[in-house]
Amino acid sequence: IQRTDQKALTLLSVLGVFMVFFIVHFPKIQMNLFIFLMMMIYFTSAMGTIYFLVRVIIPRIRKHKIKTENENVSKSEVINPTFFAGISQFKNSDEYALYLRAITQDENQLYQMFASQVFALGKINNAKNFNIRKSVYFFVAALVSELMMIMIVAFLVFKSFLFN
């Protein structure tokens with residue numbers, strides 16, 4: 001999970017550097033239809049990259065619900081004392097220690113607590129990996145469109161030297 005966060009932050013930094021260079025040189029670009037289309041692809045891809053990278057850094061995971069005979073019972077009814085969200089529900093460390101001791105004395109509850117923790121980490125990791133893959137596709141599209149704009153501008157600037 002930490003490695004995926006590092007990839008996301010690095011990719012976000014690299015995109016930021018490319019965007020700064022693009023914005024600085026934007027007024028010098030002579031607009032034509034192709035450059036306008038590449039620019040629309042670039043900005044759309046950059047926004048998609050930012051969106052999916054933020055979803056990597058701050059993933060949104062829905063609470064898991066299990067089906068019982070008559071109704072849906074949320075797993076969140078039992079406080080998971082191994083996650084910060086669960087820990088923060090206690091008023092003080094003594095209350096937390098008592099709850100932790102009570103839950104660890106029952107082998108079934110202990111097993112359930114660790115199973116839900118592993119399951120939640122798996123869901124978080126899956127969401128992060130999905131979003132990092134999506135962001136890479138958008139990032140590549142942004143880079144390709146930016147490089148195409150640079151090549152077209154370079155071609156237009158040096159066209160007279162090339163074909164004289």
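These numbers were taken from a predicted model, which means no experiment stands behind them.
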Kindly write out the residues that satisfy side-chain contact (heavy atoms from CB on, under 4.5 Å) with [X], not counting sequence neighbours, or none if the list is empty.
| X | answer |
| --- | --- |
| M148 | F34, M38, V144, M151 |
| V157 | V153 |
| L110 | T104, M113, F114 |
| L15 | M19, A46, T49, I50, F139 |

Hey, what do you get for [atom1] ([X]) to [atom2] ([Y]), rounding to the nearest 0.5 Å?
| X | Y | atom1 | atom2 | result |
| --- | --- | --- | --- | --- |
| L98 | I103 | CG | CD1 | 13.0 Å |
| M149 | M31 | CE | CE | 8.5 Å |
| S116 | L121 | OG | CG | 9.5 Å |
| S145 | I35 | OG | CD1 | 12.0 Å |
| S13 | F18 | OG | CZ | 12.5 Å |

Backbone N/O of F52 and side chain of K134: donor-acceptor pair under 3.5 Å: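 Flag not set: sc K134 to bb F52 has no pair under 3.5 Å.
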Backbone N/O of G122 and side chain of N126: donor-acceptor pair under 3.5 Å: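 Answer holds: no.
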Those residues that, when tested against N32, pass side-chain hydrogen bond (donor to acceptor under 3.5 Å, both in side chains) (two or more places apart):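 N32 satisfies side-chain hydrogen bond (donor to acceptor under 3.5 Å, both in side chains) with no residue once adjacent residues are dropped.
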Qualifying residues under side-chain hydrogen bond (donor to acceptor under 3.5 Å, both in side chains), relative to K91, sequence neighbours excluded: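 side-chain hydrogen bond (donor to acceptor under 3.5 Å, both in side chains) list for K91, sorted by chain: empty.
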Side chain to side chain contact (heavy atoms under 4.5 Å, CB included) assessment of Q6 paired with Q2: CA-CA 6 Å; Q6 186 61 43; Q2 187 178 14; 5.8 Å; no
Any side-chain heavy-atom pair of R55 and K128 under 4.5 Å: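 No, their side chains stay 4.5 Å or more apart.
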Rest of the hydrophobic cluster containing [X] (Ile/Leu/Val/Met/Phe/Trp/Tyr, side-chain heavy atoms under 4.5 Å)?
| X | result |
| --- | --- |
| Y137 | none |
| I150 | L147 |
| V17 | F21 |
| M47 | none |

Criterion side chain to side chain contact (heavy atoms under 4.5 Å, CB included) on N131 and L53, from CA distance to verdict: CA-CA 7 Å; N131 289 318; L53 288 175; over 6 Å; no
Shared ILVMFWY cluster between [X] and [Y], side chains joined below 4.5 angstrom?
| X | Y | answer |
| --- | --- | --- |
| I152 | V24 | no |
| I124 | F130 | no |
| L162 | L156 | yes |
| Y42 | F155 | yes |
| I57 | V54 | yes |

Aromatic ring pairing F90/Y99, orientation class (parallel under 30°, perpendicular over 60°, tilted between):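 Answer is tilted, since the angle falls between 30° and 60°.
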For [X] and [Y], work out which heavy atoms get closest and say how close.
| X | Y | answer |
| --- | --- | --- |
| I41 | A141 | CG2-O, 4.4 Å |
| D5 | V56 | OD1-O, 3.5 Å |
| S45 | F138 | CB-O, 3.3 Å |

Contacts of K7 that satisfy salt bridge (Lys or Arg N to Asp or Glu O under 4.0 Å) - sequence neighbours left out: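 Partners of K7 by the salt bridge (Lys or Arg N to Asp or Glu O under 4.0 Å) criterion come out as none, since no residue qualifies.
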By salt bridge (Lys or Arg N to Asp or Glu O under 4.0 Å) - contacts of D106 (at least two apart):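 Residues passing salt bridge (Lys or Arg N to Asp or Glu O under 4.0 Å) with D106: none at all.
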Step-by-step side chain to side chain contact (heavy atoms under 4.5 Å, CB included) determination, F26 to M39: CA-CA 10 Å; F26 176 74; M39 197 173 304; 3.0 Å; yes
Centroid-centroid under 6.0 Å between F22 and F43 rings: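 Centroid distance F22-F43: below 6.0 Å, so yes.
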